[in-house]
Amino acid sequence: VERNQGAVHVVPLTDQGEIYLVHMYRYPTQIFSWELPAGGVEDDEAAHARESATQTSKNKITPRVQSKIFLSAAKRELQEETGFTASRWRRIGKYQSWNGACNEWAHIYLAQGLKQTGIHKQEEEGITAMKKVSIDKAFQMVARGELTDSGSIVALTMAELALKPI
């Protein structure tokens with residue numbers, strides 16, 4: 001069983017109801033992939049959780065501390081991959097990303113009130129392009145096999161459910 005600290009997916013939603021996707025090369029599958037901004041919780045973010053836990057009487061990481069860690073990771077990933085910051089954040093779900101072999105839970109955030117800072121790590125992250133599409137267009141990309149990243153598909157589905165409850 002592989003163990004890790006968790007992951008985040010961000011659905012960057014514009015005021016016009018469009019989302020941003022990033023384009024990057026994925027070496028294991030040898031393809032370029034359109035995806036939502038995403039990534040893992042970094043060691044310093046996890047260390048902060050452990051430090052906070054030692055300050056509690058039970059030495060346990062509380063859900064409130066966990067929530068702060070995942071939100072911090074989501075904010076970092078959004079800026080690193082797109083250059084955007086967001087003024088409004090909402091956790092819209094979580095899922096087990098690889099439950100047959102890993103303990104990872106991926107947390108999904110809706111980011112709104114986007115502001116482009118021009119500060120990013122796109123080259124370092126291997127991002128070759130970014131585009132803005134409607135959520136409907138993103139689902140059309142899924143249907144055509146143009147968007148195949150499972151985490152992005154789950155995050156898109158959760159965003160659709162959060163924005164248009166059934």
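Residues Met24 and Thr128 are not in side-chain contact: their nearest non-hydrogen atoms beyond the backbone lie 4.5 Å or more apart. In this structure the side chain of Tyr109 never reaches within 4.5 angstrom of the side chain of His9, judged on heavy atoms. Using a 4.5 Å heavy-atom cutoff, the side chains of Pro37 and Pro12 are in contact. Residues Gln122 and Met130 have side chains in contact (heavy-atom distance under 4.5 Å, counting atoms from C-beta outward). Using a 4.5 Å heavy-atom cutoff, the side chains of Thr14 and Leu114 are in contact. Leu21 is listed as a side-chain neighbour of Met141, based on a closest heavy-atom distance under 4.5 Å.
Formation of a donor-acceptor pair under 3.5 Å by the Ser33 side chain with backbone atoms of Glu35 is not found in this model. Side chain of Asn103 to backbone of Asn4: a donor-acceptor contact under 3.5 angstrom is found. A donor-acceptor pair under 3.5 Å is absent between the side-chain atoms of Glu18 and the main chain of Lys132, judged by distance alone. When atom types are taken as modelled, the side chain of Thr117 and the backbone of Gly83 share a donor-acceptor pair closer than 3.5 angstrom.
The list of salt bridge (charged side-chain N to carboxylate O under 4.0 Å, His left out) pairs with a residue in residues 83-112, not counting sequence neighbours, is empty.
There is no path of hydrophobic side-chain contacts, each under 4.5 Å, that joins Tyr25 to Val22. Ile153 and Leu163 fall within a single hydrophobic cluster, where Ile, Leu, Val, Met, Phe, Trp and Tyr side chains are chained together by heavy-atom contacts under 4.5 Å. One hydrophobic cluster holds both Val133 and Phe139 under the rule that ILVMFWY side chains link at heavy-atom gaps under 4.5 Å.
When all heavy atoms are compared, the tightest approach of Val154 to Tyr95 is CG1-CD2, 3.5 Å. Shortest non-hydrogen contact noted between Ala155 and Ile92 is O-CD1, 4.4 Å. Minimum interatomic distance between Ala129 and Trp34 (heavy atoms only, all atoms of both residues): CB-CH2, 4.0 Å. Heavy atoms only, all atoms of each residue included: Val10 and Ala74 are closest at CG2-O, 3.6 Å. Of all non-hydrogen atoms in Glu81 and Leu36, the two that sit nearest each other are OE1-O, 4.3 Å. Residue Thr82 comes nearest to His120 through the heavy atom pair C-CB, 4.4 Å, listed as atom of the first residue, atom of the second, then distance.
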Go through Gln112 and Leu110 one step at a time and tell me if the side-chain contact (heavy atoms from CB on, under 4.5 Å) criterion holds. CA-CA 7 Å; Gln112 296 175 279; Leu110 189 63; 3.8 Å; yes

Give the C-alpha distance, both sets of side-chain angles, the deciding distance and a yes or no for side-chain contact (heavy atoms from CB on, under 4.5 Å) between Leu71 and Val8. CA-CA 8 Å; Leu71 179 57; Val8 295; over 6 Å; no

Starting from the C-alpha separation in whole Å, work towards a yes-or-no answer on ring pair (Phe, Tyr, Trp, His ring centres under 6.0 Å) for Phe32 and His23. CA-CA 7 Å; Phe32 282 92; His23 195 243; 5.4 Å; yes

Go through the steps for Leu156 and Leu147 under the test side-chain contact (heavy atoms from CB on, under 4.5 Å), then give the verdict. CA-CA 11 Å; Leu156 282 170; Leu147 194 159; 4.0 Å; yes

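Using a 4.0 Å cut-off between a side-chain N of Lys or Arg and a carboxylate O of Asp or Glu, Glu125 and Lys121 do not qualify as a salt bridge.
For the atom pair Ser134 OG and Gln140 CD, the distance stands at 6.5 Å (nearest 0.5 Å).
For Gln116, the CD atom counts as densely surrounded, since its 6.0 Å shell holds more than 12 non-hydrogen atoms of other residues, nucleotides or ligands.
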